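Model, not experiment: these values are computed from the prediction. Computed over heavy atoms, backbone and side chain alike; hydrogens, waters and symmetry mates excluded.
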Amino acid sequence: MCGRTSCHLPKDVLARACAYRDRQGRQRLPEWKDPDKYCPSYNKSPQSNSPVLLSRLHFEKGADSSERIIAPMRWGLVPSWFKESDPSKLKFNTSNCRSDTIMEKCSFKSGNVGAVDSPEHWEKVWDNWRLLTMAGIFDCWESPEGDLLYSYTIITVDSCKSLNDIHPRMPAILDGEEEVSKWLDFGEVSTREALKLIHPTENIAFHPVSCVVNNTRNNTPECLAPLNLLVKKELKASGSSQKMMQWLATKSPKKEEPKTPPKAESDVPQWSSQVLQKSPLPTKRGGAGLLERWLKQEKEEPVAKRPHNQ
């Protein structure tokens, strides 16, 4: 699954978006735990904090398990049994966990269930949005100094048909309030029953976005805005490329070829092979014919211009 989510809603708006009904049917808003640790962002990556929706019973003994709390947690689960002093020394990736091995791998066995919220749209004011609720598990790790670190991982399943061409895995989406309620209410719903909610869903919309999302320093609405793949972006040539193109477009002056004076009749005596090629006389076969032409040529040429035989 991709290592990006988005949740840029203000704290009060996010709480209203997570409104629910408790066991008595009363309309409630979840309370925030450590709200100062929540940092809205259009571009969240692993090791950043994201809001997690979970049962109050995880924090308060004897509380009603249907009541909910929102707690910022580190994306990338740090197991409670981790012995190092620095979470960054964890040698394996725990930002996601597969649904088919969630009960087998020791890194996830002790995790508690929660739901990670991130919005589908990017308007600034809450107006009956439906949050994208992804199933996850969390844990609490205590540092050698006694500081508590809450972290989570997102459960993944095989992709639905519409997403299979993009990636073979997708987040386990809790589709609707009833599924969210069953997943969070661990006081009333067994783990076995809760895991039955984990399966691919086709009830999801998606669109391509700009590659600006690849850089975690980019935190703007452009990270979520739909990208039209059919629009070709005009590439601008760099300064050096423009100079090269101008140079190629400029016609270089033609070099004047040196004028060679017409060749005068050569005074150099021609050899027999040359004479034979230019002779106006018909070629005769046999040595007698050759000898006659040679003797005739010797008579016509001045003595000083005769070739010397070596």
CG (Leu197) and OG (Ser181) are apart, to the nearest 0.5 Å, by 10.0 Å

For Phe206, the ring pair (Phe, Tyr, Trp, His ring centres under 6.0 Å) test, sequence neighbours excluded, returns none

For Glu31, the salt bridge (Lys or Arg N to Asp or Glu O under 4.0 Å) test, sequence neighbours excluded, returns Arg56

| Between Ile154 and Ser95, is a side chain to side chain contact (heavy atoms under 4.5 Å, CB included) present by the stated rule, with each step listed? | CA-CA 6 Å; Ile154 298 173; Ser95 57; over 6 Å; no

The ring pair (Phe, Tyr, Trp, His ring centres under 6.0 Å) partners of Tyr38 (sequence neighbours excluded) come to Trp32

Sequence neighbours excluded, the answer for salt bridge (Lys or Arg N to Asp or Glu O under 4.0 Å) partners of Asp22 is Arg26, Arg28

| query | Does a side chain donor of either Arg169 or Thr156 reach within less than 3.5 Å of an acceptor in the other side chain? | reply | yes

Applying salt bridge (Lys or Arg N to Asp or Glu O under 4.0 Å) to Glu202 and not counting sequence neighbours gives none

**Request:** Ignoring hydrogens and angles, tell me if any N or O in the side chain of Ser6 forms a donor-acceptor pair with the backbone of Asn43 under 3.5 Å.
**Result:** no

Residue set satisfying side-chain hydrogen bond (donor to acceptor under 3.5 Å, both in side chains) with Glu84, at least two apart, ordered chain then number -> none

So salt bridge (Lys or Arg N to Asp or Glu O under 4.0 Å) across residues 208-219, not counting sequence neighbours, yields none

Quick note, salt bridge (Lys or Arg N to Asp or Glu O under 4.0 Å) partners involving residues 144-153, not counting sequence neighbours, are none

Correct closest heavy-atom pair for Asn219 and Pro40 would be ND2-O, 4.0 Å

Value for CG (Asp185) from OG (Ser55), rounded to nearest 0.5 Å, stands at 6.0 Å

Across all chains, not counting sequence neighbours, the side-chain contact (heavy atoms from CB on, under 4.5 Å) partners of Gln27 are Ala19, Arg21

For Glu222, the side-chain contact (heavy atoms from CB on, under 4.5 Å) test, sequence neighbours excluded, returns Ser210, Val212, Thr220

Residues at least two apart in sequence or cross-chain that pass salt bridge (Lys or Arg N to Asp or Glu O under 4.0 Å) with Glu193, listed by chain then number, are Lys196

From the list Glu188, His58, Arg23, side-chain hydrogen bond (donor to acceptor under 3.5 Å, both in side chains) with Ser65 holds only for Arg23

Between Glu179 and Asp175, the two heavy atoms sitting closest are OE1-N, 2.8 Å

With sequence neighbours left out, the residues meeting side-chain contact (heavy atoms from CB on, under 4.5 Å) with Lys33 are Phe59, Ile69, Ala71, Tyr150

